[in-house]
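Notes for the one structure printed next.
Counting starts at 1 for both ligands and their atoms, in listed order. Residue indices begin at 1 and follow the sequence shown. Note that these values count all heavy atoms, side chains included, but never hydrogens, waters or copies made by symmetry.
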Amino acid sequence: MEIIVPAVIAHGGAGPGPKRQKNLEIAVQKAASILSSGGTALEAAVEACVILEDDPVFNAGTGSVIRTDGSVLTDASIQVGDGRVGFVIAMEDTPNPIRVAADLLDEEINGLTSAGARLWADQRSHLNAKVEGRSPEGQIGDENAEITGDTVGVIARDNTGMIVVATSTGGCSYRPPGRVGDVPLPGSGFWAEDCLAVAATGIGEAITRALLSNKVYERIKNKGTSLEESMRWGIDTLISPEHSVGLIALGPNGPGIGVSNTDMPWATWEADSNK
Ligand code: ASP
């Protein structure tokens, strides 16, 4: 019988350079300890993502970039290889949107946006920054609107072969309050099906136009090309080079891999198959 080895990969956004590497590794270690003690890929992906959302250096949750009107709005998504999906868009006062997205996995609806998303979260007692007397702090983004960065994504595989992808962002800098990026859009910012998952980061408009995560997923699945070659193909052929974009992927076996056309910190862990 084939032994499935738990694994995780996380990225800290396309563009910021390697300076977030240590912060990223803390989240990967959290996922690794959950998976090593028999936890599920769902728990591992969510808890690693929460660590990144709570770390103000990342553009997700607490450290989300400020929109053009001064608001801080967060997007997050999660998808399980069994087909379940949950996503939230432009949530106010929400330091951990990934927990709200995860709560949608077993609901009839897949996604929620803005005030309705916050109301739904309040009814389920999800952390509300306003009620707690703190607000997501928000970072002033780079003045160049095409600069993005520090968004987060995690893919985890557990010992049953279940794969889960979780992504979270405050969006790109200098975008208006109602803007929808790729992170909450299935197939664009993320795709997980069966034992394979892909997550994207970078300029959300370019990623969305390319349906990037799903296209890369389909290439790996249908052509049997490696994770790395397929992600490279996706970025080089579907994204114009002036847009910073990165991808991570994890398959049914082997470690996760990250590829980008700029700097993108990523970290990976795989359990020892001999244990
Ligand atoms: N893709 C995210 C967005 O466009 C930003 C990022 O990954 O840095 O909202």
Side-chain angles (χ1 to χ4, degrees), residues 9-20 23-24 49 52-53 55-68 71-79 87-91 94 97-98 101 111 113-114 136 138-155 165-191 198-216 231 234-235 238-240 242-249 258-266:
I9 177 160
H11 73 73
K19 59 186 185 289
R20 310 296 189 216
N23 306 56
L24 202 54
C49 200
L52 299 170
E53 287 177 338
D55 184 337
V57 306
F58 292 107
N59 170 20
T62 296
S64 292
V65 295
I66 293 167
R67 308 255 173 151
T68 47
S71 62
V72 177
L73 301 170
T74 54
D75 302 337
S77 60
I78 189 156
Q79 190 171 30
F87 52 87
V88 291
I89 305 175
M91 287 195 80
T94 308
I98 195 64
T113 180
S114 325
Q139 305 185 45
I140 307 290
D142 197 292
E143 279 178 27
N144 178 346
E146 273 301 285
I147 297 282
T148 175
D150 307 335
T151 279
V152 304
V154 181
I155 307 174
V165 57
T167 61
S168 187
T169 189
C172 287
S173 308
Y174 292 92
R175 294 293 199 269
R179 179 259 186 182
V180 181
D182 61 302
V183 160
L185 298 181
S188 297
F190 64 97
W191 193 254
V198 179
T201 177
I203 303 300
E205 286 71 13
I207 295 167
T208 298
R209 284 193 293 271
L211 197 69
L212 188 62
S213 296
N214 181 264
K215 289 271 175 64
V216 170
M231 289 189 284
I235 291 173
L238 304 178
I239 300 290
S240 109
E242 75 265 23
H243 300 311
S244 299
V245 166
L247 288 165
I248 55 171
V259 167
S260 79
N261 63 6
T262 178
D263 289 330
M264 180 186 71
W266 58 277

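In this structure, Gly202 is part of the shell of residues with a heavy atom less than 4.0 angstrom from ligand 1. Within the structure, the closest approach of Glu205 to ligand 1 does not fall below 4.0 Å when heavy atoms are considered. The shortest heavy-atom distance from Asn59 to ligand 1 is not under 4.0 Å.
The shortest N or O to N or O distance between Asp150 and ligand 1 is not below 3.5 Å. Residue contacts with ligand 1: Asp75 is placed with no nitrogen or oxygen under 3.5 Å of a nitrogen or oxygen of the ligand (distance criterion only). In terms of N/O distances under 3.5 Å, ligand 1 is not approached by Ile207.
Every atom of ligand 1 is numbered from 1 in the order shown, and the set under 4.0 Å from a heavy atom of Thr201 is 6 (C), 7 (O), 8 (O). Here is the list of ligand 1 atoms found below 4.0 Å of a heavy atom in Gly171: 9 (O).
Considering Thr169, Asp182, Asp75, Thr167 in turn, Thr169 is the only one that fulfils the side-chain hydrogen bond (donor to acceptor under 3.5 Å, both in side chains) rule with Thr151.
Listed by chain and residue number, Ala90 satisfy the side-chain contact (heavy atoms from CB on, under 4.5 Å) test with Ser114 (two or more places apart in sequence, or in another chain). Residues that satisfy the salt bridge (charged side-chain N to carboxylate O under 4.0 Å, His left out) test with Arg179, not counting sequence neighbours, are Glu205.
Under the 3.5 Å distance criterion, the side-chain polar atoms of Thr208 are matched with a main-chain donor or acceptor of Gly204. For Thr74 (side chain) and Gly170 (main-chain N/O), no donor-acceptor pair under 3.5 Å exists by modelled atom type. Formation of a donor-acceptor pair under 3.5 Å by the Asn261 side chain with backbone atoms of His243 is found in this model.
Only the side chain of Arg179 comes within contact range of ligand 1, with a heavy atom under 4.0 Å; no backbone atom does.
The heavy-atom pair separating Val183 from Ser77 by the smallest distance is O-OG, 2.8 Å.
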